[in-house]
Each structure stands twice: as C-alpha cells, then as structure tokens.
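Because only heavy atoms are used, hydrogens play no part in the values below, and waters and symmetry mates are left out as well, while side chains stay in.
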Amino acid sequence: MKRRIFSILTALALCLGLLPGTAFAAGTPTRTGTLNLREFSASTDKTEDEGWNWEITGPKSGTLTLTNCYIQSDTKDVIVFPAYFTLTIILVGDNILETTATLGDLDPMVHGIDGDGQAIENEVCQIIQGEGTLQITGKGTGYGFGGEDLTVQSGTITSDVGFCKITNEFTMTGGAVTASGADYGLYIVEGPVNVSGGKLDLQGTSCGIFVSGIPNYGAVSVNISGGTVKAVGKSTAGIFVQPNEDNYDPDTSPQAI
C-alpha cells in the first residue's frame with residue numbers, strides 16, 4: 001500500500017513538473033499595481049513570474065506580449081505606455097486586466113502618458129493581435145482602451161465596461177470583441193469606424209457605437225464591409241453618428257443612425 005501511494009505521489013509530481021511555467025492559477029493576480037511601461041527603458045521579460053514581455057521595437061513603438069497574465073490595479077490605470085507610441089499587444093493564453101477603482105466618465109484603463117504622468121490621446125496608437133483571450137474588468141463609466149487609433153486584428157476580448165474611447169479611427173479586421181456596461185460600447189470622437197472582419201458585439205446604456213462629429217473636421221462615418229456587428233443601445237440607438245455642425249442641436253438637427 002505504501003509503495004502504491006508513493007507511486008501515485010511521484011506520478012502527480014511528474015505531471016505538475018510538465019505544466020508550463022506561465023500557466024498561472026486562475027483567479028490569482030500575477031501582478032498587482034499598474035504596469036507602467038515608461039519605467040522600462042530596455043526590453044524586459046517578465047513572462048515567467050508575471051506573464052508579460054516588453055520589447056522596444058523602435059524609437060516610438062513597442063510590443064507587449066501578455067501570456068496568461070492577470071494584472072490587478074487599485075487605480076484607474078492598469079497599463080500605461082510612453083507618449084506618442086504605437087503599442088502592439090499580443091495575446092497568448094488567457095489574460096485579465098482589472099481595476100478595483102471606479103472608472104469615471106471616459107477614463108481608460110490602458111493608455112499613453114506624458115512625462116508628467118498625464119493621460120494623452122494624440123498620436124497614441126494601439127494594435128491588438130494574437131490567438132489568446134483578454135478579459136477587461138472594471139466598474140463605472142470608463143473604457144478598456146484610450147488613445148488616438150485602435151486596431152483589432154485578432155484575439156478574443158470581453159469587457160464589462162466600454163471597450164474603447166478613441167479620438168480618431170477604430171479599425172477591426174478580425175478577432176472578437178464583446179463589451180457592455182458603459183454609456184457606449186465604442187466612443188469615437190472624430191471617426192471613422194471601419195469594420196471589415198471579425199465579430200463585434202456591443203451594448204451601451206445609451207448607444208452601442210457612438211461617433212461624435214467635430215465642427216469643421218470633416219465627415220464622420222461607420223463603415224461595415226465585412227464581419228459581424230451587433231450594436232445595441234438601451235436608450236438612444238444601436239449606432240449613432242452625430243453630425244459635425246457648429247449649431248448642432250440634438251433636439252432639432254437630423255440624427256444619422
């Protein structure tokens with residue numbers, strides 16, 4: 001009997017030893033606190049203990065690979081990166097970004113910051129790739145991502161707040177995004193929204209997709225040429241494009257839906 005028990009324990013130990021080092025326990029944060037990529041002036045590998053790898057690919061570009069990474073922050077900022085950067089996020093395995101703070105109106109969890117630590121939007125671009133998943137968890141009326149441009153090429157992303165607040169262009173060519181919990185699933189300030197592939201499932205207490213025109217900027221638009229789009233707004237519209245008129249009045253001006 002003792003030999004049999006010893007054999008079983010030995011087999012279990014061998015099985016555990018074969019598990020990949022990055023297969024972190026579900027529900028256990030691998031990093032607590034904001035991941036501030038400005039603090040790493042050189043490429044940094046924390047894959048084994050925290051589940052992320054940061055590679056600087058150019059003077060204004062970098063790639064962040066998340067591998068079964070669970071970042072939990074007690075502030076509104078979960079990931080911040082240098083100003084005027086193009087950040088490529090690669091998803092491997094199952095990943096979680098969570099804030100336990102309450103997000104205010106339009107607060108993003110992932111965004112660029114300047115030298116003073118202030119959030120910026122202009123010339124901050126993000127690209128999401130990979131075959132993994134990403135769960136965005138927060139509370140309040142904020143968003144997962146903020147910046148000037150955001151492109152989703154692949155990956156499966158779910159968010160219980162708004163997905164993104166972007167000042168210029170949102171592009172989706174593949175992957176799957178599901179978001180609900182904020183006023184808008186997508187909040188785009190200058191537009192346009194371009195969807196040519198993937199699956200986009202958005203729900204907002206006001207609009208699924210909201211594109212706000214700015215006077216004298218030019219036409220704003222939502223262009224769907226492929227993929228699957230579901231946009232639900234509980235009080236206003238599934239897709240709402242606000243005309244870019246100096247004298248726009250939502251009560252009297254035409255509303256493009």
Kindly compute the distance separating [atom1] ([X]) from [atom2] ([Y]), expressed to the nearest 0.5 Å.
X	Y	atom1	atom2	result
Met109	Glu98	CE	CD	7.5 Å
Phe210	Leu202	CZ	CG	14.5 Å
Ile71	Leu35	CD1	CG	4.5 Å
Thr67	Asn95	OG1	CG	7.0 Å
Ile209	Phe170	CD1	CZ	8.0 Å
Cys69	Leu97	SG	CG	7.0 Å

What are the two closest non-hydrogen atoms of [X] and [Y], and how far apart are they?
X	Y	value
Ala101	Lys139	O-CG, 3.8 Å
Gly140	Val161	O-CG1, 4.3 Å
Asn223	Pro192	ND2-CB, 4.0 Å
Asn194	Glu169	ND2-OE2, 2.8 Å
Gly142	Ala182	O-CB, 3.8 Å
Gly162	Ala179	C-CB, 4.5 Å

* To do: Kindly determine whether Phe145 and Ile136 satisfy side-chain contact (heavy atoms from CB on, under 4.5 Å), including the steps that lead there.
  => CA-CA 10 Å; Phe145 296 89; Ile136 301 171; 3.5 Å; yes
Donor-acceptor contact below 3.5 Å, side chain [X] vs main chain [Y]:
X	Y	result
Asp94	Asn68	no
Thr65	Trp52	no
Thr44	Trp54	no
Ser43	Ile56	yes
Thr141	Asp105	yes

* Asked: Are a donor atom and an acceptor atom from the side chains of Gln135 and Thr133 found within less than 3.5 Å of each other?
  ->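 The criterion, which ignores hydrogens and geometry beyond distance, is not satisfied for Thr133 and Gln135.
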* Could you tell me whether the side chains of Asn36 and Thr34 share a donor-acceptor contact shorter than 3.5 Å? => no
* Among all residues two or more places apart in sequence or in another chain, which pass the side-chain hydrogen bond (donor to acceptor under 3.5 Å, both in side chains) test with Thr57? ->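 Residues passing side-chain hydrogen bond (donor to acceptor under 3.5 Å, both in side chains) with Thr57: Ser61.
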* Any residue meeting side-chain hydrogen bond (donor to acceptor under 3.5 Å, both in side chains) with Thr151, in chain and number order, not counting sequence neighbours -> none
Joint hydrophobic cluster, [X] plus [Y], side-chain heavy atoms closer than 4.5 Å:
X	Y	result
Met172	Leu134	yes
Phe85	Ile127	no
Val232	Val195	no
Ile128	Val229	yes
Ile239	Val211	yes

* To do: May I have the step-by-step check of side-chain contact (heavy atoms from CB on, under 4.5 Å) for Val124 and His111, ending in yes or no?
  => CA-CA 8 Å; Val124 172; His111 60 88; 6.0 Å; no
* Show the numbers, then the answer: is there a side-chain contact (heavy atoms from CB on, under 4.5 Å) between Tyr143 and Leu106? => CA-CA 6 Å; Tyr143 293 83; Leu106 305 183; 3.6 Å; yes
* Is it the case that more than 12 heavy atoms not belonging to Tyr84 sit under 6.0 Å from its OH atom? -> no
* Option among Leu200, Thr178, Val152 that satisfies the side chain to side chain contact (heavy atoms under 4.5 Å, CB included) test with Phe163 ->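 The side chain to side chain contact (heavy atoms under 4.5 Å, CB included) with Phe163 is passed solely by Val152 among Leu200, Thr178, Val152.
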* Asked: Run the side-chain contact (heavy atoms from CB on, under 4.5 Å) check on Ile166 and Glu148 step by step: do they pass?
  -> CA-CA 5 Å; Ile166 301 299; Glu148 183 169 5; 5.7 Å; no
* Asked: Does the pair Thr100 and Asp74 meet the rule for a side-chain hydrogen bond (donor to acceptor under 3.5 Å, both in side chains), with working shown?
  -> CA-CA 5 Å; Thr100 58; Asp74 59 1; 5.8 Å; no
* To do: Step by step, work out the side-chain hydrogen bond (donor to acceptor under 3.5 Å, both in side chains) result for Thr75 and Asp77.
  => CA-CA 5 Å; Thr75 72; Asp77 300 326; 4.8 Å; no
* Under a 4.5 Å cut-off applied to non-hydrogen side-chain atoms, are Cys207 and Asp183 in contact? ->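 Not touching, per the 4.5 Å side-chain cut-off.
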* Give the C-alpha distance, both sets of side-chain angles, the deciding distance and a yes or no for side-chain hydrogen bond (donor to acceptor under 3.5 Å, both in side chains) between Thr236 and Ser206. => CA-CA 5 Å; Thr236 303; Ser206 179; 3.0 Å; yes
